[in-house]
Visitor: 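Got a structure for you, written out below as structure tokens; questions coming shortly.
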Number of protein chains: 2
Amino acid sequence: MVAVTIDPEGPVPVYRQIAALLRDAIRRGDYPPGRAIPSAKRLAQQYDVAEVTARKAVLALVDEGLLEGVTGRGMFVKQPQGDG
Amino acid sequence: MVAVTIDPEGPVPVYRQIAALLRDAIRRGDYPPGRAIPSAKRLAQQYDVAEVTARKAVLALVDEGLLEGVTGRGMFVKQPQGDG
DNA sequence: TCACATTTGTACGTATGTATC
DNA sequence: AGATACATACGTACAAATGTG
């Protein structure tokens, strides 16, 4: 089970790789709307990257409108907007 | 001439204050489409903040579609999109 | 209310890679 | 080869909000 698939030497930046994994997980329903994804700290441990890097990945998804951050609580999956 | 107007103690984050100043300058035409804004280093010196903070401000505008970064050259003002 | 841990948000510091000039 | 500038990545500190006890 080596499914975690981050390649630090590949051409794709690590933060984008993590963002892609999270994006897929959200779209797949692993984290339904209203649920929080793992904290930046947890993601950093899981993918063996710095917390700032994990955070950058998450912020990319916030930027895409998939997530919403709530200070002191977590990053929550938003309702799909204008997608049937 | 104290026009530079960054308040590090105010409720608005410094990077947002700088982003707002740059956004206004662009909209005002100080930096017309195709032109580059000052480098992150220069902005940091100008506003007396860290380079990372200046960069964060600039990236916010990239995100808004106002700027486009070109490695080795600078951050360029984009053509207005869908604005008559 | 207070103390503590967790988590996001902001800010500064630094190093390396890549591209341009 | 060197200077400049953006892109990525790690490290650290503090503030604000939240949750638990």
Side-chain angles (χ1 to χ4, degrees), chain A residues 4-23 25-26 30-31 33-78, chain B residues 4-23 25-26 30-31 33-78:
Chain A
V4 179
T5 62
I6 292 294
D7 177 12
E9 311 202 5
V12 180
V14 170
Y15 82 92
R16 286 198 190 278
Q17 293 182 48
I18 296 176
L21 289 174
L22 288 172
R23 193 184 303 112
I26 290 169
D30 291 1
Y31 305 108
R35 278 249 299 152
I37 65 169
S39 70
K41 184 174 195 140
R42 273 216 172 280
L43 291 173
Q45 292 168 343
Q46 177 174 354
Y47 296 116
D48 192 31
V49 298
E51 217 172 301
V52 278
T53 302
R55 182 163 176 72
K56 188 164 185 178
V58 170
L59 287 179
L61 300 188
V62 170
D63 196 71
E64 293 177 18
L66 266 61
L67 296 175
E68 185 174 18
V70 181
T71 303
R73 293 194 58 204
M75 307 291 312
F76 293 84
V77 179
K78 292 176 68 175
Chain B
V4 180
T5 62
I6 293 294
D7 177 11
E9 312 201 5
V12 180
V14 170
Y15 82 92
R16 285 197 191 280
Q17 293 183 48
I18 296 176
L21 290 174
L22 288 172
R23 192 184 303 111
I26 291 169
D30 292 0
Y31 305 108
R35 278 250 299 155
I37 66 168
S39 71
K41 184 174 194 140
R42 273 215 173 280
L43 291 173
Q45 292 169 342
Q46 177 174 355
Y47 296 115
D48 193 30
V49 298
E51 217 173 302
V52 280
T53 302
R55 179 162 177 75
K56 189 165 185 178
V58 169
L59 287 179
L61 300 188
V62 170
D63 196 70
E64 293 177 17
L66 266 62
L67 296 175
E68 184 174 19
V70 180
T71 303
R73 294 194 56 205
M75 307 292 311
F76 293 84
V77 179
K78 290 176 68 175

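Just so you know, these numbers use all the heavy atoms, side chains as well, and skip hydrogens, waters and symmetry mates. Per chain, numbering begins at 1; letters A, B, ... match sequence-line order.
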Visitor: Tabulate below the donor-acceptor pairs under 3.5 Å that side-chain atoms of residues 6-20 of chain B make, not counting sequence neighbours, or state none.
Guide:
{"unit_1": "B:Asp7", "atom_1": "OD1", "unit_2": "B:Glu9", "atom_2": "N", "d": "3.0"}
{"unit_1": "B:Asp7", "atom_1": "OD1", "unit_2": "B:Gly10", "atom_2": "N", "d": "3.3"}
{"unit_1": "B:Asp7", "atom_1": "OD2", "unit_2": "B:Gly10", "atom_2": "N", "d": "3.3"}
{"unit_1": "B:Gln17", "atom_1": "OE1", "unit_2": "B:Asp7", "atom_2": "N", "d": "2.8"}
{"unit_1": "B:Gln17", "atom_1": "NE2", "unit_2": "B:Asp7", "atom_2": "O", "d": "2.8"}
{"unit_1": "B:Gln17", "atom_1": "NE2", "unit_2": "B:Val12", "atom_2": "O", "d": "2.7"}

Visitor: Polar atom pairs between nucleotides 8-14 of chain D and protein, under 3.5 Å, N or O only, would you list them?
Guide:
{"unit_1": "D:dT8", "atom_1": "OP1", "unit_2": "A:Tyr15", "atom_2": "OH", "d": "3.3"}
{"unit_1": "D:dT8", "atom_1": "OP2", "unit_2": "A:Tyr15", "atom_2": "OH", "d": "3.2"}
{"unit_1": "D:dA9", "atom_1": "OP1", "unit_2": "A:Val14", "atom_2": "N", "d": "2.5"}
{"unit_1": "D:dA9", "atom_1": "OP2", "unit_2": "A:Val14", "atom_2": "N", "d": "3.4"}
{"unit_1": "D:dA9", "atom_1": "OP2", "unit_2": "A:Tyr15", "atom_2": "N", "d": "3.2"}
{"unit_1": "D:dC10", "atom_1": "OP2", "unit_2": "A:Ala50", "atom_2": "N", "d": "3.2"}
{"unit_1": "D:dC10", "atom_1": "OP2", "unit_2": "A:Thr53", "atom_2": "OG1", "d": "2.2"}

Visitor: Once salt bridge (Lys or Arg N to Asp or Glu O under 4.0 Å) is applied, do any residues pair with A:Asp48, and if so which ones, sequence neighbours excluded?
Guide: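 So A:Asp48 forms no salt bridge (Lys or Arg N to Asp or Glu O under 4.0 Å) with any residue.
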Visitor: Over all heavy atoms of both residues, which pair between A:Ala54 and A:Leu43 is shortest? Give the atoms and the distance, please.
Guide: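 It is CB-CB, 4.0 Å.
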Visitor: Under 4.0 Å, heavy atom to any atom of DNA chain C: which of residues 60-71 of chain B qualify?
Guide: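 Listed by number, they are B:Thr71.
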Visitor: Taking only distance into account, with no hydrogens and no angle test, what donor-acceptor pairs under 3.5 Å do side-chain atoms of residues 35-42 of chain A form with protein atoms, sequence neighbours excluded?
Guide:
{"unit_1": "A:Ser39", "atom_1": "OG", "unit_2": "A:Arg42", "atom_2": "N", "d": "3.2"}

Visitor: Can you name the residues that form a salt bridge (Lys or Arg N to Asp or Glu O under 4.0 Å) with B:Asp63, not counting sequence neighbours?
Guide: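 Listed in chain order: nothing, the list is empty.
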Visitor: List in chain and number order the residues that pass side chain to side chain donor-acceptor pair (under 3.5 Å) with A:Gln45, two or more places apart in sequence or in another chain; answer none if no residue qualifies.
Guide: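 Listed in chain order: nothing, the list is empty.
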Visitor: Should A:Ile26 and A:Arg23 count as side-chain neighbours, where that means a heavy-atom distance under 4.5 Å?
Guide: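 No. Closest side-chain heavy atoms not under 4.5 Å.
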Visitor: Using the heavy-atom set of chain A and a strict 4.0 Å cut-off, write down the first and last nucleotide of DNA chain C that makes it in, 5' to 3'.
Guide: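 Using the under 4.0 Å cut-off, the span is C:dT7 to C:dT10.
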Visitor: I'd like to know whether A:Tyr47 forms a side-chain contact (heavy atoms from CB on, under 4.5 Å) with A:Leu21, so could you lay out the CA-CA distance, the side-chain angles of the two residues, the decisive distance to 0.1 Å, and finally the verdict.
Guide: CA-CA 11 Å; A:Tyr47 296 116; A:Leu21 289 174; 3.8 Å; yes
Visitor: What residues, two or more places apart in sequence or in another chain, satisfy salt bridge (Lys or Arg N to Asp or Glu O under 4.0 Å) together with A:Arg73?
Guide: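 Scan of A:Arg73 (salt bridge (Lys or Arg N to Asp or Glu O under 4.0 Å), adjacent residues dropped) gives none.
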Visitor: Considering only nitrogen or oxygen atoms on both sides, find all protein atoms under 3.5 Å from nucleotides 2-4 of chain D and state each distance.
Guide:
none

Visitor: Taking all non-hydrogen atoms of both residues, which atom of A:Lys78 and which atom of A:Leu67 are closest, and how far apart?
Guide: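 In this case the closest contact between A:Lys78 and A:Leu67 is CD-O, 3.6 Å.
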Visitor: Using a cut-off of strictly less than 4.0 Å, decide whether A:Arg73 has a side-chain nitrogen or oxygen near OP1 or OP2 of D:dG19.
Guide: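 Indeed, a polar side-chain atom of A:Arg73 lies that close.
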Visitor: Please identify each residue that fulfils salt bridge (Lys or Arg N to Asp or Glu O under 4.0 Å) with A:Glu68, with sequence neighbours left out.
Guide: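 Counting only residues at least two positions away or on another chain, A:Glu68 forms no salt bridge (Lys or Arg N to Asp or Glu O under 4.0 Å).
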Visitor: Which angle, to the nearest 10 degrees, lies between the helix axes at the two ends of the helix from C:dC2-D:dG21 to C:dC21-D:dG2, each defined by five pairs?
Guide: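 Axis angle across the helix from C:dC2-D:dG21 to C:dC21-D:dG2, nearest 10°: 10°.
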